[in-house]
Amino acid sequence: MHAKTIAELGVGLRSGEFSSEELTRAFLGRIEHLDTRLNSFITITAEQALEQARSADRRIRDGEQGPLMGVPIAHKDIFCTLGVRTSCGSKMLDNFIAPYNATIVEKCHSAGAVMLGKTNMDEFAMGSSNETSYYGPVINPWDQNAVPGGSSGGSAAAVAACLVPAATGTDTGGSIRQPAALCGISGLKPTYGRVSRWGMIAFASSLDQAGPFARSAEDCALLLGVMAGFDERDSTSVERPVPDYRATLNDPVDGLKIGLPKEYFGEGLDAAVAKVIEEAIAEYRRLGAEVSEISLPNTPLAIPAYYVVAPAECSSNLARYDGVRYGYRCADPENLLDLYSRTRGEGFGAEVKRRIMVGTYALSTGYYDAYYLKAQQVRRLIRDDFAKAFAKVDVIMGPTSPTVAFNLGEKIDDPVTMYLSDSYTIAVNLAGLPGMSVPAGFVGNRPVGLQLIGDYFTEAQLLNMAHRYQQVTDWHRRIAPGF
Amino acid sequence: MSLGPVEVRKIAHLARLAISEGDIPGYVHTLSSILHLVEQLNGVDTTAVEPMAHPLDMPQRLRSDEVTETDQRELFQSIAPQAEAGLYLVPKVIE
């Protein structure tokens with residue numbers, strides 16, 4: 001049962017083959033037995049889950065339908081959940097019980113999804129390995145020495161290990177696509193504004209976007225269909241109808257034009273990963289797609305621009321954690337300055353402090369034009385590269401990550417080296433485009449992800465292309481030994 | 001651009017982050033390496049390029065100026081480190 005997709009579980013639930021309560025108990029049991037090996041959950045909400053499951057069972061009996069009705073899911077611990085600790089992977093929010101639900105949490109509840117718990121993540125979503133979490137690193141189900149990627153490492157590992165059929169994540173610089181790739185599952189980062197950010201703890205507001213993790217493109221379509229949509233409480237939410245992502249999954253892909261950016265296949269790309277990606281592209285050729293080389297010349301500037309924009313926005317967003325209204329407060333503050341400084345010094349981990357300081361520096365008097373303004377100009381150049389490319393091709397493809405999962409501890413002491421693992425994902429966030437990662441093979445025992453990048457609001461096309469690929473390959477069906 | 005201990009202490013103060021003296025050299029090293037990475041932007045000609053504030057170049061949506069939220073002070077203060085009589089308590093600011 002645990003290896004079934006949401007689409008398959010839905011059939012079983014509707015036909016009465018099993019109840020949501022049975023399903024929920026089965027997955028909770030797997031989490032209890034197997035997550036000691038992975039550390040993918042920060043909080044398990046067993047009691048609420050069983051209540052939600054029984055409610056879903058009643059709704060199914062009453063004839064209510066919907067793709068997520070009675071299906072267990074997990075939320076990244078960045079989404080506020082009413083009455084449930086929402087830690088964001090930080091000591092700062094270790095005691096924070098959210099007083100409201102994030103919009104996407106509410107939407108999933110309404111759709112009848114059963115929340116099993118909150119998944120582990122890099123602290124405040126800042127990291128590419130899940131090693132900056134206050135709750136300890138997550139282990140990659142495929143290899144106990146490997147990181148799962150980050151920042152949504154817990155969601156990716158939990159789905160990969162079949163502890164839950166699907167999970168939510170967020171992607172500010174690759175935090176859905178990179179862990180999806182490294183854990184061998186499917187993950188989609190929607191167009192900026194497609195999914196509400198309300199109740200999602202902010203890191204870099206002009207880049208943050210929530211999206212689904214699942215073991216197939218079809219399941220991503222089902223979860224995205226529930227998550228997406230206009231929300232008046234998010235001022236950057238886009239007022240635009242949500243298409244039926246499932247309806248177009250089987251559309252033919254022959255004649256579609258795929259562009260391969262030469263910058264994504266150059267220096268820095270592991271040769272074995274390149275080989276896997278080339279084989280995946282060959283599969284698309286066999287499906288009738290036309291493949292051509294394109295250029296995104298400003299690609300090398302994406303990481304430098306990101307490490308101005310993201311820290312600047314982070315330093316502003318994280319100013320709210322001051323030990324006054326909620327969250328951690330240091331013991332025995334001498335005065336107000338001491339309260340602020342020690343609360344923040346003790347409550348934040350090293351990587352968060354680094355980014356706050358970089359951002360503070362970049363925004364400080366006399367440096368704004370040289371850093372933030374310059375980075376925002378370069379951001380436009382990067383976006384214009386994509387605009388030119390999409391005048392010629394329908395979708396851009398390449399590797400999601402330059403290497404397979406690296407070893408735990410390998411990069412954590414060298415932030416700049418860690419940052420480079422997001423070389424192929426970050427430009428997509430700067431441009432606000434949708435991107436997806438699907439499993440495309442292995443190097444040794446570690447998975448490789450194929451990245452698909454689309455023009456604005458072409459999530460349906462990305463899902464369609466991913467689904468067609470998954471009809472002729474079975475990489476997405478592989479499950480890590482022992483799970 | 002490299003930072004020294006003096007600059008790092010100043011930035012930490014601006015950001016209201018208490019950093020122990022023993023951690024300063026580590027931050028001097030990592031912050032300098034990040035700023036070095038970011039310096040690649042200096043070589044780019046961005047004359048006449050409009051800064052991009054929003055990926056979709058959308059203007060900020062405005063809503064009408066009406067009360068939309070109800071008073072939930074008690075709920076919100078129930079998770080505060082220290083609150084009393086509807087007020088958040090902090091160390092004395094005025095002697």
Side-chain angles (χ1 to χ4, degrees), chain A residues 95-97 99 192-193 206 232 235-236 238 300-301 303-305 307-308 315 322-329 333-342 344-346 348 350 353-354 356-358 360-362 364 371 373-381 383 415-416 419 430-433 456, chain B residues 1 3 7-8 10-20 23 26-27 29-58 60-63 68-69 72 75-83 88-93:
Chain A
N95 63 357
F96 176 62
I97 310 291
Y192 184 77
S206 77
E232 60 181 14
S235 64
T236 57
V238 175
L301 299 174
I303 286 189
Y307 279 99
V308 174
S315 74
D322 57 7
V324 175
R325 288 162 304 151
Y326 50 81
Y328 178 76
R329 171 184 279 205
E334 283 172 25
N335 52 46
L336 198 57
L337 179 63
D338 184 47
L339 166 70
Y340 293 153
S341 302
R342 270 202 300 124
R344 293 164 60 77
E346 295 166 13
F348 292 134
K353 282 188 268 203
R354 265 197 289 272
I356 290 175
M357 286 196 274
V358 170
T360 302
Y361 178 77
S364 59
Y371 288 100
L373 207 69
K374 184 82 177 179
Q376 294 283 60
Q377 289 174 311
V378 170
R379 192 173 176 183
R380 185 172 297 281
L381 297 179
R383 199 215 28 195
V416 169
Y419 297 169
L430 289 168
L433 295 164
Y456 297 108
Chain B
M1 156 126 205
L3 299 174
E7 285 99 343
V8 169
K10 186 180 167 214
I11 297 165
H13 172 72
L14 287 173
R16 300 293 184 264
L17 289 169
I19 305 282
S20 71
D23 288 340
Y27 283 109
H29 174 73
T30 51
L31 294 185
S32 295
S33 68
I34 296 167
L35 290 177
H36 183 70
L37 171 80
V38 158
E39 261 161 32
Q40 292 174 49
L41 298 176
N42 295 343
V44 187
D45 182 7
T46 51
T47 321
V49 177
E50 179 90 3
M52 181 175 146
H54 189 290
L56 304 170
D57 286 330
M58 281 191 359
Q60 191 89 334
R61 193 160 33 78
L62 298 175
R63 64 167 175 83
T68 55
E69 297 289 334
Q72 302 189 67
L75 173 66
F76 294 156
Q77 290 198 333
S78 68
I79 52 170
Q82 238 186 320
Y88 292 100
L89 301 190
V90 295
K92 196 187 273 185
V93 180

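Keep in mind the model is a prediction, meaning the values are calculated, not measured. Values below: all heavy atoms of this structure, side chains included; hydrogens, waters and symmetry mates excluded. Naming convention: chains lettered A, B, ... in sequence-line order (proteins, then strands); numbering from 1 in each chain.
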### Among His29(B), His54(B), Arg63(B), residue most engaged with chain A (heavy-atom pairs, under 4.5 Å)
His54(B)
### Task
Output the option from Arg61(B), Gln82(B), Lys92(B), Gln72(B) having the highest count of non-hydrogen pairs under 4.5 Å with chain A.
Arg61(B)
### Query
Non-hydrogen atoms of chain B under 4.5 Å away: do they reach the side chain of Val324(A), the backbone, both or neither?
both
### Heavy-atom pair of closest approach, residues Pro300(A) and Gln40(B)
O-OE1, 3.9 Å
### Message
How close do Ala431(A) and Pro55(B) get, counting heavy atoms only, and between which atoms?
### Response
O-CB, 3.6 Å
### Query
Is it the side chain or the backbone of Leu62(B) that comes within 4.5 Å of chain A heavy atoms, both, or neither?
neither
### Query
Of all of Gln376(A), Met357(A), Glu232(A), Arg380(A), which one pairs up most often with chain B through heavy atoms under 4.5 Å apart?
Arg380(A)
#### Entry: Side chain / backbone / both / neither for Ala305(A) at chain B, heavy atoms under 4.5 Å
both
### Query
Do you know which of Ile19(B), Leu75(B), Val44(B), Val93(B) has the most heavy-atom pairs under 4.5 Å to chain A?
Val44(B)
### Message
What verdict does the side-chain contact (heavy atoms from CB on, under 4.5 Å) test give for Phe76(B) and Arg325(A), after you've listed the backbone C-alpha separation in whole Å, the side-chain angles of each residue and the deciding distance to 0.1 Å?
### Response
CA-CA 8 Å; Phe76(B) 294 156; Arg325(A) 288 162 304 151; over 6 Å; no
### Query
Non-hydrogen atoms of chain A under 4.5 Å away: do they reach the side chain of Ile11(B), the backbone, both or neither?
both
### Task
Enter the distance from Lys353(A):NZ to Leu31(B):CG here, rounded to the nearest 0.5 Å.
12.0 Å
## Note on the structure
Whatever's closer than 4.5 Å to a heavy atom in chain A on Val38(B) counts as both
#### Entry: Among Arg342(A), Glu334(A), Arg354(A), residue most engaged with chain B (heavy-atom pairs, under 4.5 Å)
Arg354(A)
### Heavy-atom contact with chain B under 4.5 Å, split by part of Leu339(A)
side chain
### Message
Counting only non-hydrogen atoms closer than 4.5 Å, does Arg379(A) touch chain B with its backbone (N, CA, C, O), its side chain (CB onward), both, or neither?
### Response
both
### Query
In terms of heavy-atom proximity below 4.5 Å to chain B, should Pro415(A) be classed as side chain, backbone, both, or neither?
side chain
### Query
Is chain B contacted by the side chain of Ala362(A), its backbone, both, or neither, given a heavy-atom distance below 4.5 Å?
neither
### Task
Take Phe348(A) and Leu17(B) through the test side-chain contact (heavy atoms from CB on, under 4.5 Å) and record every step on the way to the result.
CA-CA 9 Å; Phe348(A) 292 134; Leu17(B) 289 169; 3.8 Å; yes
### Worked check of side-chain contact (heavy atoms from CB on, under 4.5 Å) between Arg16(B) and Asp322(A)
CA-CA 9 Å; Arg16(B) 300 293 184 264; Asp322(A) 57 7; over 6 Å; no
### Under 4.5 Å from any heavy atom of chain B - which part of Tyr456(A)
side chain
#### Entry: Contact summary for Leu56(B) and Tyr192(A), nearest pair of heavy atoms
CD1-O, 3.4 Å
## Note on the structure
In terms of heavy-atom pairs under 4.5 Å with chain A, the winner among Ile79(B), Leu41(B), Asn42(B) is Leu41(B)
### Verdict with supporting geometry, Lys10(B) and Thr360(A), side-chain contact (heavy atoms from CB on, under 4.5 Å)
CA-CA 10 Å; Lys10(B) 186 180 167 214; Thr360(A) 302; over 6 Å; no
### chain A contact via His13(B) - side chain, backbone, both or neither, heavy atoms under 4.5 Å
side chain
### Query
Highest number of heavy-atom pairs under 4.5 Å with chain B: which of Ser235(A), Ser364(A), Ala350(A), Ser206(A)?
Ser235(A)
### Query
How long is the span from the CD atom in Glu50(B) to the CD atom in Gln377(A), to the nearest 0.5 Å?
8.5 Å
### Query
By a 4.5 Å heavy-atom criterion (distance strictly below it), what part of Ser315(A) contacts chain B: side chain, backbone, both, or neither?
neither
### Residue Leu433(A) versus chain B: region with a heavy atom under 4.5 Å
neither
